[in-house]
Amino acid sequence: IKLFVHIVEYLPSSHTCIHPWFSLSAGQSYKQITPNCWTADNVLEWISDQVESTKFDANTLSLAYCTMDGPTLCEKNEDEMIEIFGPQLGPQLHQSLQEYKTKYETDRKKEFDYKDDYYLTSLTTEPTGDTESDTPRGTHLWEFIRDILINPERNQGLMKWEDRHEGVFKFLKSEAVAQMWGQKKKNSSMTYEKLSRAMRYYYKREILERVDGRRLVYKFGKNSSGWKIEEIGMGM
DNA sequence: CTCAAGTTTCCTGATT
DNA sequence: CAATCAGGAAACTTGA
């Protein structure tokens, strides 16, 4: 994170590629990524949760059979799942997997490769292992901005709230944020000038409200969501 | 392939 | 003066 802040600090001048923090692969919950990106550990974590929620006797389960990564797991059909996990846990796991799959399938930018997926997830991830694995990664500009805003720990100095309750915020490092947005869209020539044009289009759709006289300041409108204090925090 | 949404690009002009 | 803001237009990218 320090490395990240450091890089962003002198970004405006150069065409530096922001990438380093992608590799900070820490323990990421399977709840935050699509099943296809699950690691063997994620799969194990998922199985554990399922076993626990169904009060299934884990002793009858062989660890060896649980060792597989996301892609492998996703290829199993219900019958294969039953064959592996038995008549009780099999169907349960199959259903749960389908739920997670569809949950992320509806996500627009599922085409992003794993690195982008991880980067995005790191922006929207809540600190503690909460119950609801909500808020999939934002794919639109306003969601991208929102996710930076609600994750101050990881994005110090980029943006800040002017009025947290009203949804008024400000760009502190406009060009750095534009670079990050460009990076997400694989467009290295993104600039704040261009990003701001897209922001202005949001006024008509009421995703953003106009805040005039204040440079670099915007306000979330009634058609935006996921930024209010009540909306985040605990699952609802 | 068509269509629409959501930008991305570019630009002229006004403000700060 | 440099950075922003305002929008109109048109090109582009993607997913349905």
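Values below: all heavy atoms of this structure, side chains included; hydrogens, waters and symmetry mates excluded. Proteins come first, then strands; the chains are lettered A, B, ... in the order of their sequence lines, and each starts at number 1.
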Enquirer: Measure the distance from CZ on A:R214 to C1' on B:dT15 and round it to the nearest whole Å.
Expert: 16 Å
Enquirer: Nearest-Å distance, CG (A:D212) to P (B:dA14)?
Expert: 18 Å
Enquirer: Side chain to side chain donor-acceptor pair (under 3.5 Å) for A:N36 and A:T34? Distances and angles first, verdict last.
Expert: CA-CA 5 Å; A:N36 243 313; A:T34 183; 5.7 Å; no
Enquirer: Charged N to carboxylate O under 4.0 angstrom, A:E162 versus A:K170?
Expert: no
Enquirer: Within the side chain of A:R146, is there an N or O that forms a donor-acceptor pair under 3.5 Å with the backbone of A:S225?
Expert: yes
Enquirer: Tell me the stems DNA chain B sits in, counting at least three consecutive Watson-Crick or G-U wobble pairs, each under 3.5 Å on both distances.
Expert: B:2-16 with C:2-16
Enquirer: Can you tell me how far P of B:dG6 sits from CD of A:E206, to the nearest Å?
Expert: 14 Å
Enquirer: What is the distance from CG of A:N223 to P of B:dA5, rounded to the nearest Å?
Expert: 14 Å
Enquirer: Rounded to the nearest 0.5 Å, what separates atom NZ in A:K219 from atom CH2 in A:W161?
Expert: 11.5 Å
Enquirer: Calculate the interatomic distance between A:K219 atom NZ and C:dC5 atom P; express it in whole Å.
Expert: 17 Å
Enquirer: Which one, B:dT9, C:dA6, B:dT7, comes nearest to the side chain of A:K185?
Expert: B:dT7
Enquirer: For A:T39 and A:D41, test the side chains for any donor-to-acceptor distance below 3.5 angstrom and give the result as yes or no.
Expert: no
Enquirer: Answer yes or no: does a side-chain N or O of A:S189 lie under 4.0 Å from OP1 or OP2 of B:dT9?
Expert: yes
Enquirer: Indicate whether OP1 or OP2 belonging to C:dT13 is found under 4.0 Å from a side-chain N or O atom of A:N187.
Expert: no
Enquirer: When the distance from OH of A:Y192 to C1' of B:dT9 is rounded to whole Å, what number comes out?
Expert: 17 Å
Enquirer: Within the pair A:K194 and B:dT9, is there a side-chain N or O less than 4.0 Å away from OP1 or OP2?
Expert: yes
Enquirer: Does anything in residues 195-204 of chain A come within less than 4.0 Å of DNA chain B? Heavy atoms only, and list the residues if so.
Expert: A:R197, A:A198, A:Y201, A:Y202
Enquirer: A:E166 side chain to A:D163 main-chain N or O, any donor-acceptor pair under 3.5 Å?
Expert: no
Enquirer: Could you check A:S174 against A:R210 and say which one's nearest nucleotide on DNA chain C is further toward the 5' end?
Expert: A:S174
Enquirer: Does the pair A:F171 and A:Y218 meet the rule for a ring-ring contact (aromatic ring centres under 6.0 Å, His included), with working shown?
Expert: CA-CA 9 Å; A:F171 282 81; A:Y218 298 80; 5.6 Å; yes
Enquirer: Quick one: A:L216 CG to B:dT16 C1', roughly how many Å, whole number?
Expert: 11 Å
Enquirer: Given atom CZ of A:F171 and atom P of C:dT4, what is their separation to the nearest angstrom?
Expert: 11 Å
Enquirer: Is there a donor in the side chain of A:Q183 and an acceptor in the side chain of A:Q179, or the other way round, less than 3.5 Å apart?
Expert: no
Enquirer: Mapping A:W142 and A:R215 onto DNA chain B by nearest heavy atom, which one lands closer to the 5' end?
Expert: A:W142
Enquirer: So, for A:Y30 and A:Y100, is the gap between ring centers shorter than 6.0 Å?
Expert: yes
